[in-house]
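Given the structure is predicted, the values throughout are model-derived calculations rather than measurements.
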Amino acid sequence: MAEPIRERDREAVRRLHAEGQSRNQIARSIGRSAATVSKIAREEGLTFTGGARVAAATEARRADAAARRELLADEALDGALRQVEQAGGAESARDARDRATAARALTEVHARVSELARQTGTGSAGASMLDRLADALIGPAGGDREGV
């Protein structure tokens with residue numbers, strides 16, 4: 001059963017709200033749930049208008065995710081190239097096949113992440129050229145799984 005809302009909770013919410021804290025910050029500060037803070041705020045006639053801050057934080061998170069996707073795509077392609085280079089000096093046919101399989105998997109990761117970046121409008125121009133090259137060399141991502 002939830003702890004009843006006490007006057008000290010209401011006072012803390014009013015004070016912290018006046019300081020400009022968000023609903024979640026207040027909830028952490030007073031050790032109550034965000035729903036309880038919302039209920040108190042509603043009863044006290046307080047609102048949380050963090051729209052501009054939330055939009056800026058969301059945009060920053062999207063930009064960070066886009067940069068991480070681009071890094072992942074680049075690292076996958078670099079890894080694929082390393083596997084291809086190492087396949088040439090493989091000690092056995094099995095090792096060469098394993099490296100070729102790894103190169104294909106990494107190229108598919110690159111292609112899929114680059115496609116996601118294109119769909120979300122966050123990809124670089126160079127990525128599409130590399131994708132076309134990869135498609136020409138091994139076929140489109142998710143294509144034929146037979147062979148190497």
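Between the side chain of Q25 and the backbone N or O of S22 there is at least one donor-acceptor pair closer than 3.5 Å. No donor-acceptor distance shorter than 3.5 angstrom exists from the side chain of H110 to the backbone of A76, with no hydrogens or angles considered.
Atom OG of S29 and atom CG of N24 lie 10.5 Å apart (nearest 0.5 Å). For the atom pair L46 CG and S38 OG, the distance stands at 11.0 Å (nearest 0.5 Å). One distance of note links CZ of R28 with OG of S33; it measures 13.0 Å at 0.5 Å rounding. To the nearest 0.5 Å, atoms CZ (R68) and CD (E70) are separated by 13.5 Å. To the nearest 0.5 Å, the span separating CG on D64 from CZ on R69 amounts to 9.5 Å. Atoms CZ and CD, from R99 and Q83 in turn, are 5.0 Å apart once rounded to the nearest 0.5 Å.
Residues L16 and I40 are members of one and the same hydrophobic cluster, defined by side-chain heavy-atom contacts under 4.5 angstrom among Ile, Leu, Val, Met, Phe, Trp and Tyr.
Heavy-atom minimum distance, A90 versus A96: CB-N, 3.5 Å. The two residues A27 and V37 have their closest heavy-atom pair at CA-CG2, 3.6 Å.
No side-chain heavy atom of L77 sits less than 4.5 Å from a side-chain heavy atom of L106. Here the side chains of D9 and T36 are not in contact, with every heavy-atom distance at 4.5 Å or above. Counting only heavy atoms from C-beta outward, the side chains of I5 and K39 approach each other to under 4.5 Å.
Sequence neighbours left out, the pairs with a member in residues 6-46 that pass ring pair (Phe, Tyr, Trp, His ring centres under 6.0 Å) are H17-F48.
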Check the pair E7 / R14 against salt bridge (Lys or Arg N to Asp or Glu O under 4.0 Å), numbers first and verdict last.
CA-CA 11 Å; E7 184 56 32; R14 285 191 300 264; 3.1 Å; yes

Could you walk me through whether E3 and R32 pass the side chain to side chain contact (heavy atoms under 4.5 Å, CB included) check?
CA-CA 9 Å; E3 181 182 334; R32 300 300 299 258; 4.1 Å; yes

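Using a cut-off of 4.0 Å between Lys/Arg side-chain N and Asp/Glu carboxylate O, E43 and R10 are scored as salt-bridged. Salt bridge absent: D78 and R82 never bring a charged side-chain N and a carboxylate O closer than 4.0 Å. Ion pairing between R15 and E11 fails under the 4.0 Å rule for side-chain N and carboxylate O.
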